[in-house]
**Student:** 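Below you will find the structure I want to go over with you.
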Amino acid sequence: MHQGNAQRIDPELELIEDIAGFSKNPLGYVLYAFPWGSGELKNHQGPDSWQIDVLNDIGAGLISLQQAIQIATASGHDIGKSALVAWLILWAMSTREDTRGVVTANTESQLRTKTWPELAKWHRLAINRHWFTVTATAIFSVAKDHEKTWRTDAVPWSETNTEAFAGLHNEGKRVLLLFDEASSIPDVIWEVAEGAMLDSETEIIWGAFGNPTRNTGRFKECFGRFRHRWITRQIDSRSCMIANKAKIQEWIDDYGVDSDFVKVRVRGMFPSLSVKQFISLEDVDKAFGKSIRPEQYMFAPKILTCDPAWEGDDELVIGLRQGLVFKILRTIAKNDNDITIATLLANLEDEQGADAVFIDAGYGTGIVSAGKVLKRNHWRLVWFAEKSTDNGCINKRAEMWKLMRDWLKEGGAIPEDNVLHDDLIGPETVPRLDGKIQIESKKDMKKRRVPSPNRADALALSFAYPVDKKAGTRGQQKNITEAAEWSPFDA
């Protein structure tokens with residue numbers, strides 16, 4: 001009797017019960033659901049060690065629903081990243097009814113040719129593959145009336161159409177959000193996606209994976225200023241089972257183990273300098289918070305600068321550089337009262353004993369005019385678009401940024417100011433056929449969702465023209481040779 005009942009147990013119910021037991025155990029599901037050691041997986045006995053760690057971290061995080069589980073993994077090539085993304089989708093969908101998810105990547109091609117085919121492969125191998133249908137852009141439940149509520153979609157990101165990310169809510173159930181090749185996903189998509197983190201009593205898993213190709217942007221910030229919000233890992237391809245070790249060694253031999261090429265593609269480290277980035281992260285980090293006694297540069301002139309706010313969300317910045325030391329004296333929300341700013345500048349000039357005052361002409365003409373009323377006729381407007389005295393630079397802005405970059409390399413010191421830090425590494429170069437240096441405009445930076453680098457421009461202004469201590473500027477001199485002999489590290 002008992003034996004007969006046992007023989008009539010429905011295998012499907014057993015499968016449902018088994019998989020339901022892995023609701024808070026993604027590693028358990030991965031080990032259970034796939035035919036490790038046989039068929040297509042005959043050479044694989046299970047996940048790699050780094051994959052196991054990520055799966056276990058997610059399982060541990062599900063014990064509490066007080067905050068989202070946020071995991072960021074920067075890695076070299078060929079480590080099994082896409083496989084892990086596929087496992088997470090299948091586990092999340094299989095162990096919680098009406099799970100909703102979105103997967104995006106740096107490009108539509110990445111989603112279509114790499115991320116989604118990998119999901120299709122692992123879906124085909126899964127013991128419960130009959131529970132779901134996989135199409136070119138989605139995986140959804142075959143259960144009646146659940147195809148719209150129990151699904152994960154592949155959604156190419158779009159800065160002009162963020163509804164797919166803004167609408168990812170599933171209160172009381174489970175939300176899965178995965179970014180593949182996250183380094184190149186714009187900040188605005190990250191910001192909109194954070195709206196899905198607000199559902200209460202909801203299991204929220206947010207995973208960001210990819211090669212660390214850019215050392216700016218939100219993926220980098222997962223490992224920087226937002227690292228307290230994320231569980232982070234940087235995976236070296238050499239430590240992974242499936243990586244092509246011979247090819248990796250070729251790269252190391254050709255480029256060097258400390259090259260940016262190997263850092264990004266092998267070691268899972270962010271580059272010192274992104275492809276178009278003008279000032280390297282390494283140089284800024286060395287200058288950040290560096291201690292230099294001011295008395296070391298008493299011989300050098302003090303140069304007071306003012307970079308006015310361009311738009312309502314910008315800030316006006318007043319800075320002071322003496323030799324290799326720079327500090328920010330004031331930051332003020334956009335202020336249209338030129339007389340107020342001129343009075344403040346005059347007071348700071350007297351207080352600091354400044355030898356020159358340089359003001360960005362873009363929005364500074366009114367400040368200089370007000371300064372003349374205060375008998376500050378020596379204040380100098382700096383036109384960023386004017387002709388450079390350096391033939392290798394397209395304009396004065398490029399010239400100043402080049403000198404600022406050299407100053408950082410030569411040992412310049414900046415305050416522990418995170419905004420200034422990000423400002424310095426934010427601007428990219430504009431490729432030119434003539435090879436001249438051109439820095440992208442503030443307008444173009446804002447198109448990339450990168451803030452206007454007002455604090456960095458305040459430092460750059462200090463390199464506009466040569467300055468003699470207590471002798472004013474030599475900026476109007478016509479002798480280009482004399483200007484070329486001037487050292488920006490002394491002034």
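These numbers come from the heavy atoms of this one structure, side chains and all, not from hydrogens, waters or symmetry mates.
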**Student:** Between L459 and W407, is any pair of side-chain heavy atoms under 4.5 Å apart?
**Tutor:** yes

**Student:** Measure from NZ or CZ of R405 to the centre of the six-membered ring of F463, then state whether that distance is under 6.0 Å and the direction lies within 45° of the axis.
**Tutor:** no

**Student:** Decide, yes or no, whether a salt bridge links K247 with E250 under the criterion of side-chain N to carboxylate O below 4.0 Å.
**Tutor:** yes

**Student:** Would you check if F278 and E440 make a side-chain contact, meaning some heavy-atom pair closer than 4.5 Å?
**Tutor:** no

**Student:** Can you find a pair of side-chain heavy atoms, one from V103 and one from L177, that are under 4.5 Å apart?
**Tutor:** no

**Student:** Donor-acceptor check, side chain of R321 to backbone of G323, threshold 3.5 angstrom: yes or no?
**Tutor:** yes

**Student:** Less than 3.5 Å apart, any donor N or O on the side chain of E12 or W131 sitting next to an acceptor on the other?
**Tutor:** yes

**Student:** Backbone N or O of D98 within a donor-acceptor pair of the H146 side chain at under 3.5 Å?
**Tutor:** no

**Student:** Can you tell if the side chain of I16 reaches within under 4.5 Å of the side chain of D18, non-hydrogen atoms only?
**Tutor:** no

**Student:** Could you verify whether a donor N or O on one side chain and an acceptor N or O on the other, from D457 and W401, lie under 3.5 Å apart?
**Tutor:** yes

**Student:** Looking only at atom types and distance, does a side-chain atom of S259 sit under 3.5 Å from a main-chain N or O of G256, one as donor and one as acceptor?
**Tutor:** yes

**Student:** Hey, could you give me the CG/CD1 distance between D283 and I414, rounded to the nearest 0.5 Å?
**Tutor:** 10.5 Å

**Student:** Does anything in residues 36-46 pair up under side chain to side chain donor-acceptor pair (under 3.5 Å), and if so which pairs, sequence neighbours excluded?
**Tutor:** E40-R124

**Student:** Working note: R229 + E194, criterion salt bridge (charged side-chain N to carboxylate O under 4.0 Å, His left out); need CA distance, chi angles, decisive distance, verdict.
**Tutor:** CA-CA 12 Å; R229 303 289 185 198; E194 285 182 335; over 6 Å; no

**Student:** Show me the donor-acceptor pairs within less than 3.5 Å that the side chains of residues 51-59 make with the rest of the protein, sequence neighbours left out.
**Tutor:**
from : atom 1 : to   : atom 2 : distance (Å)
Q51  : OE1    : D48  : N      : 2.7
Q51  : NE2    : G80  : O      : 2.9
N56  : ND2    : I52  : O      : 3.4
D57  : OD2    : R233 : NH1    : 2.8
D57  : OD2    : R233 : NH2    : 2.4

**Student:** Does this structure show an ion pair linking K286 with E282, if we count only N-O contacts that are shorter than 4.0 Å?
**Tutor:** yes

**Student:** If I compare all heavy atoms of D307 with all of F384, which pair ends up nearest, and what's the gap?
**Tutor:** OD1-CZ, 4.5 Å

**Student:** Testing the 3.5 Å rule here: is there a donor-acceptor pair between the side chains of Y29 and N128?
**Tutor:** yes

**Student:** Using a 6.0 Å cut-off, check whether atom CD of E17 has over 12 heavy atoms from anything other than its own residue.
**Tutor:** no

**Student:** At what distance, to the nearest 0.5 angstrom, does OG of S82 lie from CH2 of W116?
**Tutor:** 12.0 Å

**Student:** Does the distance from a Lys or Arg side-chain N to an Asp or Glu carboxylate O, for R455 and D423, drop under 4.0 Å?
**Tutor:** no

**Student:** Provide the closest heavy-atom pair for F326 versus P415 in the form atom of the first, atom of the second, distance.
**Tutor:** O-CD, 3.3 Å

**Student:** Answer yes or no: are there more than 12 heavy-atom neighbours, outside Q249 itself, under 6.0 Å from its atom CD?
**Tutor:** yes

**Student:** Do the side chain of K290 and the main chain of G411 share a donor and acceptor less than 3.5 angstrom apart?
**Tutor:** yes

**Student:** Taking the side chain from E147 and the backbone from S141, do they hold a donor-acceptor pair closer than 3.5 Å?
**Tutor:** no

**Student:** Between OG1 of T137 and CZ of R112, what distance do you get to the nearest 0.5 Å?
**Tutor:** 12.0 Å

**Student:** Taking the six-membered ring for Trp and the full ring for Phe, Tyr or His, determine whether the centres of W251 and F261 are under 6.0 Å apart.
**Tutor:** yes

**Student:** Using ring pair (Phe, Tyr, Trp, His ring centres under 6.0 Å) as the criterion, list what pairs up with H77, not counting sequence neighbours.
**Tutor:** none

**Student:** Are D236 and V266 close enough that some pair of their side-chain heavy atoms sits under 4.5 Å apart?
**Tutor:** yes

**Student:** Are E203 and L176 packed together at the side-chain level, in the sense that at least one heavy-atom pair is separated by less than 4.5 angstrom?
**Tutor:** no

**Student:** Looking at F223 versus F270, is the centre-to-centre ring distance below 6.0 Å?
**Tutor:** yes

**Student:** State whether a side-chain donor-acceptor pair under 3.5 Å links S388 with N395.
**Tutor:** no

**Student:** Could you give the distance from CD (Q70) to SG (C222), rounded to the nearest 0.5 Å?
**Tutor:** 7.5 Å

**Student:** Answer yes or no: is there a side-chain heavy-atom contact under 4.5 Å between T73 and I235?
**Tutor:** yes

**Student:** Distance from F22 atom CZ to W91 atom CH2, nearest 0.5 Å?
**Tutor:** 12.5 Å

**Student:** Classify the side-chain pair D78/S237 by whether it contains a donor and acceptor separated by less than 3.5 Å.
**Tutor:** no

**Student:** Would you confirm whether R238, through its side chain, and I248, through its main-chain N or O, come within 3.5 Å as a donor-acceptor pair?
**Tutor:** no

**Student:** Is a salt bridge present between K81 and D180, judged by a nitrogen-to-oxygen distance below 4.0 Å?
**Tutor:** yes

**Student:** Hydrogens and angles aside, do R432 and Q438 bring a side-chain donor and acceptor to less than 3.5 Å of each other?
**Tutor:** yes

**Student:** Donor-acceptor pair, T232 side chain versus A72 backbone, under 3.5 Å?
**Tutor:** no

**Student:** Using every non-hydrogen atom in the two residues, find where I425 and I279 come nearest and quote the distance to one decimal.
**Tutor:** CG2-O, 3.9 Å

**Student:** Applying side chain to side chain contact (heavy atoms under 4.5 Å, CB included), run through N215 and Q277 and close with a yes or a no.
**Tutor:** CA-CA 9 Å; N215 58 22; Q277 187 179 341; 2.4 Å; yes

**Student:** Using side chain to side chain contact (heavy atoms under 4.5 Å, CB included) as the criterion, point out the one residue from L88, T152, I71, L84 that pairs with L178.
**Tutor:** L88

**Student:** Taking all non-hydrogen atoms of both residues, which atom of A86 and which atom of W122 are closest, and how far apart?
**Tutor:** CB-CD1, 3.9 Å

**Student:** Where do P427 and I439 come nearest, in terms of heavy atoms and distance?
**Tutor:** CB-CG2, 3.7 Å

**Student:** Can you tell me how far the CH2 atom of W50 sits from the OG atom of S239, to the nearest 0.5 Å?
**Tutor:** 10.0 Å

**Student:** Could you please spell out the steps behind the side chain to side chain contact (heavy atoms under 4.5 Å, CB included) verdict for R267 and V257?
**Tutor:** CA-CA 9 Å; R267 300 171 65 187; V257 71; 4.2 Å; yes

**Student:** Would you say the side-chain atoms of D260 pair up with the backbone N or O of P271, donor to acceptor, closer than 3.5 Å?
**Tutor:** no

**Student:** Any side-chain heavy-atom pair from I318 and T305 closer than 4.5 angstrom?
**Tutor:** no

**Student:** Checking ring-ring contact (aromatic ring centres under 6.0 Å, His included) between F179 and each of F219, W190, F209, W157, which is the one that passes?
**Tutor:** W190

**Student:** Looking only at heavy atoms, which two atoms of E399 and D390 are closest? And how far apart?
**Tutor:** OE1-N, 4.1 Å

**Student:** Donor-acceptor pair, distance only, cut-off 3.5 Å: does the side chain of E181 make one with the backbone of N211?
**Tutor:** yes

**Student:** Between R330 and V317, is the side chain to side chain contact (heavy atoms under 4.5 Å, CB included) condition met? List the steps.
**Tutor:** CA-CA 6 Å; R330 297 286 191 279; V317 182; over 6 Å; no

**Student:** Are the side chain of T133 and the backbone N or O of V142 linked by a donor-acceptor pair below 3.5 Å?
**Tutor:** no

**Student:** Step by step, would you call K263 with D258 a salt bridge (charged side-chain N to carboxylate O under 4.0 Å, His left out)?
**Tutor:** CA-CA 6 Å; K263 281 182 179 179; D258 292 321; over 6 Å; no

